[in-house]
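Step one of this worksheet: look at the structure below.
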Amino acid sequence: MKTLTAFLSIFILTGMMGYGQNQDTGHMNATIHKTFSIEKNGTEIPYNLKVMEHRNYPMVLNEKEKSHVNQNRKAKPAVVTKLIAVDKDNDQNYDHYMVLKYRRSVTDSFKVVPTKEGFAVRVDDKTMQYFITKGIYFIDNSDKDFFSVEEFREI
């Protein structure tokens, strides 16, 4: 639990840190809540998801204008971090936490969609699946270099 608390503190605080004109152009934070259900033994069992998103928009200054006061910036893809909390017991406490990271393209589309056994996170044509009853996730081999996942469990 200490690891999760420490991570959440860092996750929240990184959105509040500011930088000069050296690397970052900005940050964005957002939260979405979803409720889905799965069928187990003929009964539909609801579960809740909370997805907290943090984006860091890095940039690079034009190397030719390094000594100028007003420099042109080169935009780079945002580094996206999503903390996904899963509550399969439908109580106040979340049972499973995972951190999903990827590089965002300008036009990507992030979706959380229900599946027969849980939910899937889709970013364009890349997919990560989560199986509620097993408490595990799966990333297709062709997408393993795109997504990075860290897991935390609350006991």
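Quick caveat, the model's predicted, so the values are computed rather than measured.
With rounding to the nearest 0.5 Å, the separation of CG in Leu83 from CE in Met52 is 4.0 Å. Distance NZ/Lys82 to CZ/Phe110: 4.0 Å, rounded to 0.5 Å. Distance NZ/Lys111 to OG1/Thr127: 11.0 Å, rounded to 0.5 Å. For the atom pair NE2 of His96 and CG of Asp87, the computed distance is 12.5 Å after rounding to the nearest 0.5 Å.
When hydrophobic clusters are built by joining Ile, Leu, Val, Met, Phe, Trp and Tyr residues whose side-chain heavy atoms come closer than 4.5 Å, directly or via intermediates, Ile32 is grouped together with Ile132.
Annotation: side chain of Glu53 is in contact with side chain of Val80 (closest heavy-atom distance under 4.5 Å). In this structure, the side chains of Asp124 and Ser109 come closer than 4.5 Å at one or more pairs of heavy atoms.
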Side-chain donor-acceptor pairs of residues 114-123 under 3.5 Å, sequence neighbours excluded:
unit_1: Thr115; atom_1: OG1; unit_2: Gly118; atom_2: N; d: 3.1
unit_1: Thr115; atom_1: OG1; unit_2: Gly118; atom_2: O; d: 3.3
unit_1: Thr115; atom_1: OG1; unit_2: Phe119; atom_2: N; d: 3.4

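Applying the ring pair (Phe, Tyr, Trp, His ring centres under 6.0 Å) test to Phe147 and every residue at least two apart in sequence or in another chain returns nothing.
When each of Tyr137, Tyr97, Tyr130 is paired with Val86, the side chain to side chain contact (heavy atoms under 4.5 Å, CB included) condition holds for Tyr130 and for no other.
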> What's the verdict on side-chain contact (heavy atoms from CB on, under 4.5 Å) for Ile139 and Phe146, showing C-alpha distance, side-chain angles and the deciding distance?
Replying inline: CA-CA 10 Å; Ile139 298 174; Phe146 182 74; over 6 Å; no
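Applying the side chain to side chain donor-acceptor pair (under 3.5 Å) rule to pairs touching residues 42-51 yields Thr35-Asn48, Ser37-Glu44, Asn48-Asn90, sequence neighbours excluded.
Note that Lys126 lies outside the cation-pi zone of Tyr102, set by a 6.0 Å cut-off to the ring centre and a 45° limit from the axis.
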